[in-house]
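Excluded from the calculations below are hydrogen atoms, water molecules and symmetry mates; all remaining heavy atoms, backbone and side chain alike, are included. Within every chain, numbering begins at 1; the chains are lettered A, B, ... in the order of the sequence lines, protein sequences first and strands thereafter.
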Amino acid sequence: MLKVYNTLTRKQEEFKTREKGKVYIYACGVTPYDFPHIGHGRSAVIYDVMHRYLEYKGYEVIHISNFTDIDDKIINRSNELHINYKELADKYISIYLDNLDMLNVKQLYRYPRATEHIPQIIEMVRVLKEKGYAYEISDGIYYEVSKFKEYGKLSHRDITALREGARVEVNPEKRDPLDFALWKKAKEGEPSWDSPWGKGRPGWHIECSAMSLHYLGSSFDIHGGGDDLIFPHHENEIAQSEAYTGKVPFVRYWLHNGMVIVNREKMSKSLNNFFTMNELFKRYDGEIVRLYLVSISYHKPLSFDLESLEQSSKNYEYFNQSYIRFKQLSGQENGLSSIELAKKWRERFEDAMDNDFNTALVVALLFDIFKFVNVKGSQLSGESLTEVDKLLQDIFLVLGIKKLGTIEEKINVSFKEELMVLVEGLKEEKELAEAISSISLKEEVSDIIKKLIDIRWELKSEKRFKSADLIRNRLKDIGVVLEDTNTRTTYKLIYTRGVENEK
RNA sequence: GGCGCCGUCGCCAAGUGGUAAGGCAAGGGUCUGCAAAACCCUCAUCGUCGGUUCGACUCCGAUCGGUGCCUCCA
């Protein structure tokens, strides 16, 4: 039985969907005005894992995530760059989606954009005004917080205390400092849309209410986002939406993920302590970053640092190499059975995920499974291997690490160049020149590596270890690691040279 | 000031009443030309002080330290 922690009730609750067999999810996306950082990636990955697990459990998942593609930041930034606001948003939406692709985040049902739902937004504002929840003043239409008696229920705040802490008003016409803008009247030169109140644009918050209700209807199952959105964003969404539809609840389960922390502080643009995903992907494969993100409970802050990422990189290698070996096993006749064990592991997997998506426990489980198969794998029956493999694949699918077990041939142009330089370099060595000369640079990268391995194997058998080690070391320098066994040498391409070697 | 969260081995990190998962690092081994990999072994009583309880890392109170939201933010 799946249980989730609901911010609204501050309790872990049994997860029951609005409709049998279907889950409707709205996850707050980004305001596309700059490069997305790892914090944005974390959110996306977290809701993606939930999505995948719910599918594993047999649900049909209708999952959307928005782009708030019009707001002050976008307007300001596009003015700075002298480009259209849409051009700016398009650019960063595209980068964001590319980044999510690197992280294996599944394609969603929709990616609604605020500017493409202006009619729905206007309609919502109109009704709220008609129902007496909103009023018009000189610079826009405002939501009157005091009209919504449950205001504060999500963030568990007392409305009076909130008022005391409120900042000095920009517009003194507001009836209450807590009232927030549903619609902002256009200032000179700002992008705007026609409305019953003249030209203007949506305020923040309203777009999420309008779009989630539009696509998912009221009382949909999961609304997620970073925990910095609890107040005021999600609080305001509840106020607007429940007032608008007259139906409670707007959302059945409010889920919030923790922030990414750097040096004990929240990662943010203003503190300039952020790592963009693009930066990280230069050094680490998206799957490694993803493994890192799922190694920690989703609702807690994640203290990000490169050393931890390096750790995940090693863990990833362990999983990857272990799984490669596992796939090469052939079952033994009358071999050991691990069917029961696989069953228990699957239970552990499901128990962990049912417990508010505890992916950290699942990662720990992977270590247990691999430790077992690394030792006993060769003794297992074919049936057992199949069973364990099914489980592993299910886990990989849910965690979203799909490339495990494949020798990732990250062979791009620059790698090939590096390899050629290496081969040329080896030709300079007297001991090696002759053997190396048989390698043609026109060959496939993998063939070149294999030839080098063969040459080295010969050297080893002749006990010419210095030359053999030279080849191994040179290859290591470009990310190809050779490993000897009694009978042969295998190679692997490492994903990154890591922080250590970066110096 | 209001509402929260966190403080577990050198580091990262599970854990929500029954005597501390996992990973990295470290040390010692098996293997090995060396290296790597794999495997084995070693490695914490949970910020502090009280309380509740047969029993607390887990509940309550206090205290110290860190941090989030209350203004844009995943």
Whether Arg157(A) engages the ring of Phe231(A) as a cation-pi pair (distance to the six-membered ring centre under 6.0 angstrom, angle to the ring normal within 45°) should be assessed. yes
From CG of Leu271(A) across to C1' of U67(B) the rounded distance in Å is 12 Å
In short, salt bridge (charged side-chain N to carboxylate O under 4.0 Å, His left out) pairs touching residues 370-380 of chain A with sequence neighbours left out are none
Ranking C69(B), A74(B), G66(B) by distance to the side chain of Arg264(A), first place goes to G66(B)
Under a 3.5 Å limit on both distances, the Watson-Crick or wobble mate of C59(B) is G51(B)
Quick note, His37(A) side chain, CB onward, closest among A74(B), G4(B), G23(B) is A74(B)
Exercise for review: Determine the interatomic distance between P on C69(B) and the same-named atom on G10(B); round to the nearest Å.
Suggested key: 30 Å
Winner on side-chain proximity to Ala364(A), out of A21(B), A74(B), G68(B), is A21(B)
Contact list (N/O, under 3.5 angstrom) for nucleotides 36-39 of chain B vs protein:
residue, atom, partner, partner atom, Å
A36(B), O2', Glu483(A), OE2, 3.4
A36(B), N1, Asp484(A), O, 3.4
A37(B), O2', Arg325(A), NH1, 3.4
A38(B), O3', Asn374(A), ND2, 3.2
C39(B), OP1, Tyr318(A), OH, 2.7
C39(B), OP1, Asn374(A), ND2, 3.1

Protein-proximity profile, nucleotides 6-16 of chain B, B/S/- by nucleotide at the 4.0 Å heavy-atom cutoff, equals -----BSSSSB
Show every donor-acceptor pair shorter than 3.5 Å between a side-chain atom in residues 90-98 of chain A and any protein atom, with sequence neighbours excluded, or say none if there are none.
residue, atom, partner, partner atom, Å
Asp90(A), OD1, Arg113(A), NH1, 3.0
Asp90(A), OD1, Arg113(A), NH2, 2.7
Asp90(A), OD2, Lys86(A), NZ, 3.3

So, with a heavy-atom separation below 4.0 Å from RNA chain B, the residues of residues 450-469 of chain A are Arg456(A), Lys460(A), Phe465(A), Asp469(A)
The complete set of ring-ring contact (aromatic ring centres under 6.0 Å, His included) pairs with one or both residues in residues 259-278 of chain A, sequence neighbours excluded, reads Phe275(A)-Phe304(A)
